[in-house]
Amino acid sequence: MLNSHPLDEGLMMNTKSKRKLLWAVVLTALSITWLPYFGVFNTASMVMGLPQPLAVIIASNIVLTVCVILIYPLYFKPFIKKLEEKPLHEEAVK
Amino acid sequence: MNNTLTAVVLAAFIFVFILVSYLSKRNSEKASGSSSENFIIGGRGIGTIVLVLSMGATYFSTWTLLGAFGAYYRSGVWFAGFAVWTIFHAIFIWLFGARIWLAGKKYGFITPGQMIKHYYKSNRLRITVALVGISALVPVMLIQVIGGARALEALTDGAIPYVVGVTVTSVMVGVIVLWAGFKGTAWTDSFMGVFFASILIFTALYVLKLSGGAGLFEQVSQYKPELNVVSGNPLGMLELWLGLGFGAWVLPHMWQKFYSASSAKVLGKVAMATPFWNSWMMAIIPLVVGMAAVIPGIAPSVNVGNSDTILPQIFNFHFPILSAFVVAGILAAAISTINSQLLSSASLVAEDVVDGLTKGDMTSKRVTWVTRVVVLSLTVMIFVLAMLPSGAGFLVPIASLGFGLGLQLVPSALGMLYFKSVSETGAFLGLVLGVVVMALMTITQIDIPVGPSIAGIIVNIVVTIAVSKVTKKVPESSVVEFHDMFNEYMRDNTGEVVYSEEKKA
């Protein structure tokens with residue numbers, strides 16, 4: 001990984017772009033969940049059997065759940081790989 | 001409720017509890033590593049399933065089986081923000097938990113205070129962080145013991161008197177922590193988490209069947225249409241969101257769970273599983289049951305005043321023969337939270353306060369010994385206070401601020417995990433003033449738009465930033481040991497930056 005080939009760069013850039021996209025989606029979904037608290041999407045009408053504000057919150061929750069699952073390949077996998085490449089030298093402070 | 005059946009179910013529950021404790025004790029005897037590391041954080045050897053279940057069961061207390069249902073019954077979909085902040089528990093595992101695990105693994109930390117001391121080179125900040133952590137945990141433990149015992153007494157119509165509830169809870173918690181340490185608490189947490197989650201799932205399915213499944217909310221709108229819309233008050237939700245959301249990683253007993261993970265892979269899998277356990281299970285199911293309770297025939301005797309007992313009321317009305325399982329479930333939910341808080345509080349006293357005030361470092365065996373003594377002392381203290389008629393009265397206001405106190409630890413923790421511009425003096429003064437503001441607001445009951453937790457954290461952040469700008473930065477060695485390590489392993493780990501640097505060279 002440390003001596004990555006130039007051809008890999010596109011792939012690596014891609015990972016960083018995906019990470020940015022992930023956080024954009026997380027922040028958007030989070031913002032949407034707050035809208036009913038400010039009176040937006042907050043009527044008593046039903047959307048697929050759910051009250052409108054609850055439907056908004058549940059939909060955001062589904063999106064956030066998917067985002068959390070994507071954290072594993074986008075963040076934990078490179079982290080685990082890095083730890084395999086360069087194991088920690090443990091230095092107990094006590 | 002059938003008292004004989006209740007006694008049989010509780011006896012079976014206690015038997016399984018002791019069996020799981022014994023198995024965990026036997027397993028932990030095989031572990032390598034130092035004595036205190038094994039006792040306080042399970043020898044950094046906890047796997048995915050136990051860690052997911054243990055973190056969930058520890059975070060969700062008796063409140064999930066009692067208070068959450070009532071909150072939905074009273075507030076309706078306003079309280080659905082609960083589901084979102086529990087999703088963020090998983091995101092926080094990457095943002096904070098993985099960094100805490102990495103530093104803990106590298107430098108052998110077993111308490112948050114040790115990490116604070118190593119980074120800020122500050123004993124006063126270490127002791128203050130420990131004291132704030134203990135203040136956040138101990139009163140909550142006491143309230144859990146009292147609340148659980150009162151619920152048991154009420155549910156069994158006095159067949160399990162208050163004194164028996166307090167004694168059983170205190171003895172079970174004390175025994176498991178003293179006998180089997182962290183691994184024992186984690187394994188029994190898992191057993192108890194599965195137990196009370198089974199009760200939740202069963203109740204939700206039954207209530208959905210009674211209320212017409214997909215038509216549940218249509219029916220709610222016939223009886224209490226105001227519950228189907230959010231009643232505003234975004235600041236109220238923000239306060240809950242910050243306190244309960246951040247509490248999932250910054251409170252000491254949750255922080256130490258991160259140290260206990262056996263690998264980064266385990267933490268990653270825990271993060272993936274957390275939304276399903278914390279949000280869809282523990283937050284959405286109470287939503288379904290709590291709101292369905294407004295429909296006639298689901299929980300006929302429920303009203304706003306007794307809405308925190310919706311679950312027992314449903315069982316008493318529809319399945320009186322199974323009510324004993326709810327009693328055992330409440331006991332399970334209480335114990336699975338208190339045991340981790342007890343062990344964590346004791347380790348903070350031993351490792352951060354006693355060691356911090358002692359000249360020279362204590363040995364690992366000595367830390368374990370002191371932790372055991374503190375566990376025993378805290379158990380006795382909680383038992384005695386719970387038995388005094390007004391013993392806990394003065395602690396109730398503090399207990400209600402538990403998560404808010406935990407929130408005050410966030411700026412100093414963020415300095416260590418993300419922001420090298422935060423200085424020791426800034427973190428120390430921010431923390432102290434944040435807690436003082438919270439205390440003053442609680443005592444004076446001053447009426448301003450934000451609550452004590454938010455006011456405290458605002459002051460805390462402002463003071464931390466302002467003072468850090470004009471005081472000495474943390475040593476360069478701390479930046480290298482923490483921030484550079486985090487960057488190398490967790491941020492610049494795709495190879496892209498290294499290649500660019502090579503190209504420049």
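Note that this is a predicted model, so its numbers are computed, not measured.
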Could you tell me which portion of B:Trp78 (side chain, backbone, both or neither) has an atom closer than 4.5 angstrom to a non-hydrogen atom of chain A? both

So for B:Leu95, is it side chain, backbone, both, or neither that comes closer than 4.5 Å to the heavy atoms of chain A? side chain

Centre of B:Tyr489's six-membered ring, under 6.0 Å away, within 45 degrees of the axis: is that where NZ or CZ of B:Arg99 sits? no

Winner by heavy-atom pair count (cut-off under 4.5 Å) against chain B, out of A:Leu30, A:Asn61, A:Ile58, A:Leu83: A:Asn61

Going through the distances and angles, do B:Arg126 and B:Glu351 end up as a salt bridge (charged side-chain N to carboxylate O under 4.0 Å, His left out)? CA-CA 10 Å; B:Arg126 172 197 194 179; B:Glu351 183 61 56; 3.3 Å; yes

Which atom pairs, one a donor and one an acceptor, fall under 3.5 Å between side chains of residues 70-79 of chain A and the rest of the protein, sequence neighbours left out?
| residue | atom | partner | partner atom | Å |
| --- | --- | --- | --- | --- |
| A:Tyr75 | OH | A:Trp23 | NE1 | 2.6 |

At a 4.5 Å cut-off on heavy atoms, which part of A:Thr43 comes close to chain B: side chain, backbone, both, or neither? backbone

Could you tell me if the side chain of A:Val26 sits less than 4.5 Å from the side chain of B:Phe88, heavy atoms only? yes

With a 3.5 Å cut-off and no angle check, do the side chains of B:Trp280 and A:Thr65 form a donor-acceptor pair? yes

Region of B:Leu102 that comes under 4.5 Å of a non-hydrogen atom in chain A: both

Measure B:Pro234 against the heavy atoms of chain A and call it side chain, backbone, both or neither at under 4.5 Å. both

Got a list of side-chain donor-acceptor pairs under 3.5 Å for residues 213-226 of chain B, not counting sequence neighbours?
| residue | atom | partner | partner atom | Å |
| --- | --- | --- | --- | --- |
| B:Gln219 | NE2 | B:Ser211 | O | 2.7 |
| B:Ser221 | OG | B:Glu218 | O | 2.5 |

Answer with side chain, backbone, both or neither: which region of B:Ile110 has an atom nearer than 4.5 Å to a non-hydrogen atom of chain A? neither

Heavy-atom pairs under 4.5 Å with chain A: which of B:Val77, B:Asn228, B:Leu238, B:Ile284 has the most? B:Asn228

Heavy-atom contact with chain B under 4.5 Å, split by part of A:Ile62: both

B:Ser364 side chain to B:Ser36 side chain, donor-acceptor N/O pair below 3.5 angstrom: yes

Report the option among A:His89, A:Met48, A:Lys86 that has the most heavy-atom pairs separated by less than 4.5 Å from atoms of chain B. A:Lys86

